[in-house]
2 protein chains.
Amino acid sequence: MSREGIQKDESWTISDLAQQVDVSTRTIRYYEELGLIFPSRTEKGSRYYNRKDRARLRLILRGKRFGFSLDQIREMIELFDEDRTGRAQLLRTIEYGNQKLAEIDEKIMELRQLREDILVYKQNFEQKLLEENEEEKR
Amino acid sequence: MSREGIQKDESWTISDLAQQVDVSTRTIRYYEELGLIFPSRTEKGSRYYNRKDRARLRLILRGKRFGFSLDQIREMIELFDEDRTGRAQLLRTIEYGNQKLAEIDEKIMELRQLREDILVYKQNFEQKLLEENEEEKR
DNA sequence: CATCAAGTTGACGTTTACGTAAACGGCAGT
DNA sequence: ACTGCCGTTTACGTAAACGTCAACTTGATG
């Protein structure tokens, strides 16, 4: 009864998490070194990660896959993560968000262009294939 | 009369081209070193590039912007560029093209997801902004 | 209780993608 | 003929993003 909608407060060790998102533990520690992710620690000093940490890690990896440098990603995370208070700060952050959205839209456009290019190459070969079949008929 | 639809056979020096696509000459030479682009040479030995070369260079840069390594790009170029003759080879190339198209479609999807993530972050801050305005009213 | 897997922090190595500098040739303008 | 400027090759340097190894702790298990 008391559990409806409540997230099981899962947490994982570094190697658990590494396996889940398919990177090495070294990579995860490296990201921490760069200030991209801040796991909790046991009293002993072992890192452990929750779902928020995992979401963030996935965001990092997603960003990476599109040519964003880890430094740019950190910049992003810092801006969206800090407790930004005050109208001016909030406005700045929102503006930054808009800018990032625009960048992404542009990337999507470029990706479509890349798709077109490849499609043209492919169709070229399909054409050749047709011509070869024509020769067979002769 | 003899010029209708005929492309002016432009050609450029390496620094011209570099400026056009906004990379360094070093980068262009490096790509050649890796076998990604093969410019013509004057008798003197100077490289010069035509529109086809430029298109290829743009393709390379576009690929790069999406996290493809230069090695993967070379792989792509080689497959699409070789005079692949014979039915089997053509079919293989076409199949490769289909695979690449699928990869790109997946990237587009992921990019949309990234966009969503960022949008959520932004909306979060917009919400905060609204709350602050509410406080002012009190 | 020994050992063994899994955690920690350095520290150094490696790959990728160029930057940069040296040393040289060719050509245009003065 | 001298001065720049652009081209060439060769070679070494470097930043980013990890891989790898050493040396050490800790918790679990036969």
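In what follows, chains are A, B, ... by sequence order, proteins preceding strands, each numbered from 1.
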Specify the separation, in whole Å, of atom CZ of A:Arg29 and atom P of C:dG7.
7 Å
Checking all strands, does A:Thr25 fall into the base, sugar-phosphate, or nothing category for heavy-atom contacts under 4.0 angstrom?
nothing
Hey, is the side chain of A:Lys64 poking within less than 4.0 Å of OP1 or OP2 on D:dA16, counting only N and O atoms?
no
Cation over ring, B:Lys128 on B:Phe125, under 6.0 Å and within 45°?
yes
Looking at D:dT8, C:dG7, D:dT25, which one has an atom nearest to any side-chain atom of B:Arg41?
D:dT8
Short side-chain N/O contact from A:Thr13 to OP1 or OP2 of C:dG7, under 4.0 Å:
yes
Regarding the side chain of A:Ile14, the nearest nucleotide among C:dA17, C:dG7, D:dC18 is C:dG7
Nearest heavy atom decides the nucleotide; on that basis, is B:Arg26 or A:Gly45 closer to the 5' end of DNA chain C?
A:Gly45
B:Phe68 CZ - C:dA17 C1' separation (whole Å):
17 Å
Side-chain N or O of A:Ser24 closer than 4.0 Å to phosphate OP1/OP2 of D:dG19:
yes
Residue closer to the 5' end of DNA chain D, A:Lys44 versus A:Thr27 (nearest nucleotide):
A:Thr27
Whole-Å gap separating P (D:dG19) and CD1 (A:Ile28):
11 Å
Atom CG of B:Leu17 and atom P of D:dG7: how far apart are they, to the nearest Å?
11 Å
Among D:dC18, C:dA6, D:dG7, the one nearest A:Tyr30 by side-chain distance:
D:dC18
Rounded to whole angstrom units, what separation is found between the CG atom of B:Leu34 and the C1' atom of C:dC18?
10 Å
Measure the distance from CD on A:Glu43 to P on C:dG7 and round it to the nearest whole Å.
17 Å
Considering just the side-chain nitrogens and oxygens of B:Tyr31, establish if one lies under 4.0 Å of OP1 or OP2 belonging to C:dA17.
no
side-chain N/O B:Ser15 vs D:dG7 OP1/OP2, d < 4.0 Å:
yes
Is B:Tyr48 touching bases, backbone alone, or none of the nucleic acid, heavy atoms closer than 4.0 Å?
nothing
Could you tell me the separation between the CD atom of B:Glu33 and the C1' atom of C:dC18, rounded to a whole number of Å?
10 Å
Are any of the side-chain nitrogens in A:Arg58 or B:Asp117 under 4.0 Å away from the carboxylate oxygens of its partner?
no
Against the six-membered ring of B:Phe80, is B:Lys100 placed for a cation-pi contact (under 6.0 Å from the centre, within 45° of the normal)?
no
Interatomic distance where CZ belongs to B:Arg74 and C1' belongs to C:dC18 [whole Å]
17 Å
Under a 4.0 Å N-O cut-off, is there an ion pair linking B:Glu78 with B:Arg74?
yes
Salt bridge or not for A:Arg41 and A:Glu32, using N-O below 4.0 Å?
yes
